[in-house]
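Data block below; observations after.
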Amino acid sequence: EGIFAPNLTYRTGPFAATGIPLMDGQKDYMTMLNERDGGIGGVPIMFEECETGYSTEKGVECYERTKANAVVTQPWSTGITLQVLPKTNTDMIPILAPGYGFSPMANGKVFQWAFNPPASYWDAASMIVQDIAAGDLGSLNGKKIALLHLDHPFGKEPIPVLEAMAAEYGFELVLIPVGLKEMQNQSAQWLQIRKERPDNVVMWGWGAMNAGAITEAVKTKYPMDQFIGVWWSGHDADLKQVGEAGKGYKSISWSMPQPDAPLLADLKTHVYDKGMSEAEDTNAVFYQRGLVISMILAEAIAKAQEIHGTGEINAAQLRDGLENLDISEARLEELGMSGMVPPFSTSCDNHTGHSGAWMLEWDGEKFVQASDLLMADAAFIAPLEAEKSAEYAEANAPWPVNESCN
Amino acid sequence: MLDTAPSVSRETGAETLLEVNNVEVIYNHVILVLKGVSLNVPKGGITALLGGNGAGKTTTLKAISNLLHSERGEVTKGSIKYKGEEVQDLDPAKLVKKGVIQVMEGRHCFEHLTVEENLMTGAYTRNDGAGAVAADLEMVYSYFPRLRERRKSQAGYTSGGEQQMCAIGRALMSRPETILLDEPSMGLAPQLVEQIFGIVKAVNEGEGVSFLLAEQNTNVALRFAHYGYILESGRVVMDGPAADLRENPDVKEFYLGVGDEGRKSFRDVRSYRRRKRWLS
Amino acid sequence: MDALTEGYVTEDGRRIGGVLMEMKNITLRFGGVVAIKDISFDIREGEIRAIIGPNGAGKSSMLNVISGFYHPQEGEVWYKGGVRPSMKPFEVARQGVGRTFQNIALFEGMTVLDNVMTGRLTHMKASIWEQAIWWGKAEREEVHNREQVEKIIDFLEIQSIRKTPVGRLPYGLKKRVELARALAAEPSLLLLDEPMAGMNVEEKEDMSRFILDVNDEFGTTIALIEHDMGVVMDLSDRVVVMDYGKKIGDGTPDEVRSNQDVIDAYLGVAHD
Amino acid sequence: MELLNKIFVAPFADMIAAPDFLMQVLWEGLVSGVLYSLIALGFVLIFRSSRIFNFAQGIMVVFAALTLVGLHEMGVPAWISVALTLGVMFLLAVTIERVVLRPLVGQPDIILFMATIGITLFLIGFGEIIFGGENKVMITSELGIPTGDIVLEPFGGLLILQHIDITAVLVAATLVVSLLLFLNKTRMGRAIRALGDDHQAALSVGISLQTIWVLVWFIAGIIALVTGIAWGSRAGVSFALEVIAYKALPVLMLGGLESITGAIIGGLMIGMLEKLFEIYWGAPLLGGNTESWFAYVLALVVLLFRPQGLFGEKIIERV
Amino acid sequence: MLYRTAGQFKTSYRADQALFPIRQDAFLLGLILVCAWVVFPLTASEFTFQTILTPILIYSLAALGLNILTGFAGQLSLGTGAFMGVGAYACYKMITLMPWMNPIIAILLSGVFSAGVGVLFGIPSLRIKGFYLAIATLAAQFFLVWLFEKWAWLYNYNASGAIQVPNLDMFGFYVSGPQASSMTQYYVVLTIVSLLTYLAINLTRGNLGRTWKATRDMDIAAELIGINLMKSKLTAFAVSSYIVGVAGALFVFMWRGAAEPNLFDIPLSFRVLFIAIIGGLGSIMGNYLGAILIVGLPVVLNTVPGWLGIHVESALLEHLNIMIVGSLIIFFLIIEPHGLNQLWRLIREKLIIWPFPH
Ligand SMILES: Nc1ncnc2c1ncn2[C@@H]1O[C@H](COP(=O)(O)OP(=O)(O)OP(=O)(O)O)[C@@H](O)[C@H]1O
Ligand SMILES: Nc1ncnc2c1ncn2[C@@H]1O[C@H](COP(=O)(O)OP(=O)(O)OP(=O)(O)O)[C@@H](O)[C@H]1O
Ligand SMILES: [Mg+2]
Ligand SMILES: [Mg+2]
């Protein structure tokens, strides 16, 4: 027996390019725990993948297939997240969607079963804008920021927050959608960028869209240092496409590769050397982010075991673990993961943790840190979260709310 | 008149080009159409294959030229030999190279190609040089002056007769030894029927091409052919030199429409009905 | 001429009525090709009218003009005493013009019965809702029309192949099914385009019998194109002869047969 | 009023105000158009010879490009990889002919169309197993394709022309001319067109379906490789590229399914018009991303006036 | 002898036109209905409902709609997905604008909207034919999906641009939304699918059905014998889109629970087309057989290695899956281009004459 923690992967389909390193990281971390410690709290983790190809339909099938025994569901796409979100209320299985999904899920009172630590898309938007403003939000007045986004729920996530900020700080927001079929051929979008002449371009891209956008930016000679992506747009392979020419491109990230972290040494002895990993570049941003994601899950499991005093926890118990995460500096040190993710903690009403993030910059060969830890403007985002989550609950009435949260 | 023995020796005594032995054809795995057909085509002769609708004439020709496959039909028994060589497993293109070409029922011109291009496709398998092909094109035009007039028109827009000429001309372009001609007279004006058969005769005599001719129009066919087979429901029921068949009372009655008391008017059909004696 | 308005009596004693359809100075062009050049003729009620001519003369095109598939550039079509306005083929069909086709145009994916039933669809009125529920009117109508169709099936002796998909039938039977489909519509004018092409004598005789019976029993007017002179001369009351778009003869079979132009252009030799 | 202005006045004013930008838009449109045409050419060739609407052309592009890059990654020199890839495409053509086309001779168009979707699925699965799903970098410079750009300053503005784009345009032009010559002037070409009209008749005059189909699919494979290199140089090679097949469909329809000329002219028209529309109308007025449907709607409108497309063969309708 | 028809005589045309002239067929149908209404619901697990039973029914219905257009009326459509979308969005808007509305009525009404849109995009079919017509339906496909994305009113200005099915109840049972049980939803779907199938059978065997088939087989001839092609084609578009629209509404309301515009993109259209073609164009039953194959197969393929105790990487499994589905499509097209329905018919013909070979 063991703890069944499935992962709804997409190593196939149009987004496979970005999916594979993430999934590899996740899997390797769990393999390592099993190999090194015999699991968590002595209970082995059954970390199984169910392939969705980023298709919502397959995702639902995977969810249904795994939910009987699973302690968690990791839907790995905004579409699947939205679809399983209502079901989890009745099925009582926590969703773990680190850094993706629906930003208002931060509101644990309404979304009792959904978690998106360590930071949400709205956090990302807020931090990117701060970085653009270089600490002086007033300087944004009169500026023009273009949002180049996938025309898809994922790409639209930051819009409400960006719009609110545009209104607040007086910059102009230009929305430039990229259709799923145009990902590889974005000349129209970049012509439009040339026409609009925005001061900055913010990219909410995914999969093949990133490579397309970056090559096009190089082609049209858009200044790279004014081009910033969300954390899913900071994939090494996408930038390798243009290499040197991409120098200066930035991507916000709540994870940072630490090639020298002790964790990697453990991984080497317990996983790589045993030939149990398929990972190609273990220092890549996405691979290491995958490690962090599994760490969050593992920590939650450990916490749940601690709270309930049992090894073989169930889904409802894991939820308590997820609500009481405390990834402190010290804990990261213990895990051998210092600097791989900013410290954060979750609670009953805060399912995100709002860890903050760093800006990474492409130096022509790899991503390097380019800023101190940035923090999202919680005061700005919180009311929006409350509003949107209330709307959601109302639209889906009767929607059970966790009254025990304050 | 139940003479169904496979090959009857002919007075011409010419070399046998094509030999069909006891062939059986099934469509779609279930529909049995030919129930053992045997026939011979001698070199340099015109052999007619006669019979009513659905008798299996077209099927026989397609079995020979190996075109059954794409209609979900197959030869399940018997053998087909061309110049003593088994050919039933050859693909149609190889057979054309060997000198056997079919003019299909219903013309089958390439609609979007011009008449001249249609003719040129006939020369597809040849590799004796552009000069020889051009000479043959001239020859075809001299046989069918009407085609020369319409050489630049898309075949799809030409009339039925023109398409028929085009199809025969196309076959001639491959310099065949044997032509399998399926219902050349269908839908053609009487004058044109005569003309086409005239050309068949001319080609037969002039170029020495042998013909196997499937026809409904027994009258004309027996006038031009040297030898004839009559097919009924997938079986050869009668065969013999054309001249003999023409005199046969049954053939006269059922295929030529002349009974004992001469030709009947079609107006009188309501008062009588022919019934075949030899089958049922 | 009185005969024109009054009609006439044929040799075998059938009464032919007034003019049912009249083509006046029809000219039809396809790009540069003039398929029909200023042709006029009429078809009288109850008669069997033949159109003959060499291949490419424009006979089928003429039938297509009559049934509204081609619209002539010049000329008028008179039908049942008035000029027929330009209309779609299906409207022409609904006015009682039925036809068969030179290259069989059956609905290959359907059974014989269904093919013939489509002929009756102008007689069926049940609404889409009634058909969907299949109660009352729709069902009654279906049964009633099926009876009518069965009569035609009996008449043309195709009972045994009723439920066979048309695609599997031999050519001759297909022609018969096509005739059945046309008859099912109970047309007042029936156009037959080479109904006997590709048939042997026996089958031609069968077909002739059907044509004569239709003409007699239902009083249907028939216009037919045919290349078999025997059939044309025996069956038809009057014959129009076309040659490369022009009309070169019009009259009784005997008149046509002895017309030198017709002999030169078409018959080749004087037909018996 | 405001709306009318935005539709009928403002865009044109914009165009005049920034002619260099307009030129850039047209150039980008031209290049996209040429790339669409390349895919469309593969379609046309196969359609002409077999009336098969080959949906697999898109995946063949991906497959060819991945094979090329994959071989090179294994250490095979660039040009030898090209030769080997051609070999692979030939094998693919032979296999498809043997396994799929031959048993389906004479089936209705839609069945064959479905079969090509089957091929597409198969190749996606097969390709991903072999090559993996990662985005790969096209070996542009290794193949000796120039990668720089030319910066012009018309009207005192800025016009950037990429070398690869110029190369793509030239290559496409050469391909089109050679295909046109091939189809219209050679024996094989005539046979291909004949085959498209009537399989049975083509067989009966001795045209071998097998040979021609293998040949045609192989040529389509070559075109796919060229397309793959051209597209791959722009945005990398991955299975996401498969969707470009959808960009070729309206091009085909607009130009006419059988026409090589149509494919190229249709491609250019669509490429340029959809860029113009998106930049001057779509993005400002309709919320952008109109490229996803503009080509289709344009093709539809044209078809309403010419049901066989601009250069397609007239549909012969006779009874 | 199981399928012996000897002794079953018809004495009236009416009897001959009955739905099941052969007794065994009626018996078989009864058996299937009992299974669908009683046996399956009693035995199925949540997983079976969610990944097999309900989707098979919904996909069958969508394929049925497409089949009416493509299989019966001969008009190729590649836009089924978008028309399903129209149904789904129409239903969503009705339900949110008029929350008092009975959900089943809303679902049935939503088809009316897709029928309207279908007719609109069907108008070009009067001039455009064959593959060229596919362009019209693809235009619909891409334009509509784009519209679902851009027209915020359609999704009530949700931030994510997706629609979320609310909890709706009927006679005290939740029939949609997260609170609804799979079994209730299954019964709703089954009822609607059975009803529409019955109506579709009647339409296709009656006069309208013949009109469609005639249009399909040879439209020129059809027009020349008196068929109004415009009416025939447009009714086909309307009826087909209606059914497809209802299927779309069921798809989202009774099964998916949420939908983003992308869901209705071309892969969905192709999937439905596959079902219709593998099942058999121009047949009703084929749609069910096709759906069982196309929906059920991947689920089964995913389970097989587990049963056999082989561990296959899930990504590899998925790749193999796609390959197998692709190959099977080709395989089935080759063994029987007319689809599973035809295969069944041949088996049945053999059974009727069994034990004699011919
Ligand atoms: N593809 C096919 N599938 C099934 N049956 C077929 C097929 N082709 C022909 N048949 C059947 O085979 C029989 C013989 O047909 P065939 O065409 O050989 O006759 P035919 O003698 O040429 O007649 P016709 O004079 O009408 O051309 C007919 O009963 C026909 O229905
Ligand atoms: N749709 C069309 N487009 C162009 N030309 C046409 C069309 N229809 C007929 N024609 C031309 O008009 C002329 C007359 O054709 P039509 O089919 O009427 O001849 P026909 O008298 O019926 O000949 P046949 O006895 O061979 O059937 C022919 O030259 C033909 O090519
Ligand atoms: Mg025949
Ligand atoms: Mg004619």
> Given a strict heavy-atom distance threshold of 4.5 Å, which part of C:Leu106 is in contact with chain E: side chain, backbone, both, or neither?
Replying inline: backbone

> What option among E:Ala200, E:Gly206, E:Ala214 has the most heavy-atom pairs under 4.5 Å with chain C?
Replying inline: E:Ala214

> If you take all heavy atoms of C:His71 and C:Leu28, which pair is closest and at what distance?
Replying inline: O-CD1, 3.7 Å

> Residue by residue, which of residues 218-241 of chain E have a heavy atom closer than 4.5 Å to a heavy atom belonging to chain C?
Replying inline: E:Met218, E:Ile220, E:Ala221, E:Ala222, E:Glu223, E:Leu224, E:Ile225, E:Gly226, E:Ile227, E:Asn228, E:Val239

>> Show the nearest heavy-atom pair for residues E:Ser77 and E:Leu273, with the distance to one decimal.
In response: O-CD1, 4.2 Å

> Using a distance-only test with no angle check, is there a side-chain donor-acceptor pair under 3.5 angstrom linking C:Tyr79 and C:Ser188?
Replying inline: yes

>> Using heavy-atom distances under 4.5 Å, tell me whether C:Arg120 contacts chain E through its side chain, its backbone, both, or neither.
In response: neither

> Given side chains that start at C-beta, do those of C:Pro195 and C:Leu179 come closer than 4.5 Å, heavy atoms only?
Replying inline: no

>> Counting only non-hydrogen atoms closer than 4.5 Å, does C:Thr122 touch chain E with its backbone (N, CA, C, O), its side chain (CB onward), both, or neither?
In response: side chain

> Does the side chain of C:Ser60 come under 3.5 Å of the side chain of C:Gln102 through a donor N or O and an acceptor N or O?
Replying inline: yes

> Top residue by heavy-atom pair count (under 4.5 Å) with chain E, among C:Met110, C:Arg99, C:Glu91, C:Arg94?
Replying inline: C:Met110

>> Counting only heavy atoms not in C:Lys24 (residues, nucleotides, ligands), do more than 12 fall under 6.0 Å from its NZ?
In response: yes

> Going by distance alone, is a donor N or O of one side chain under 3.5 Å from an acceptor N or O of the other, for E:Trp344 and E:Gln342?
Replying inline: no

> Judged by atom type as modelled, is there a donor-acceptor pair below 3.5 Å linking the side chain of C:Asp42 to the main-chain atoms of C:Glu22?
Replying inline: no

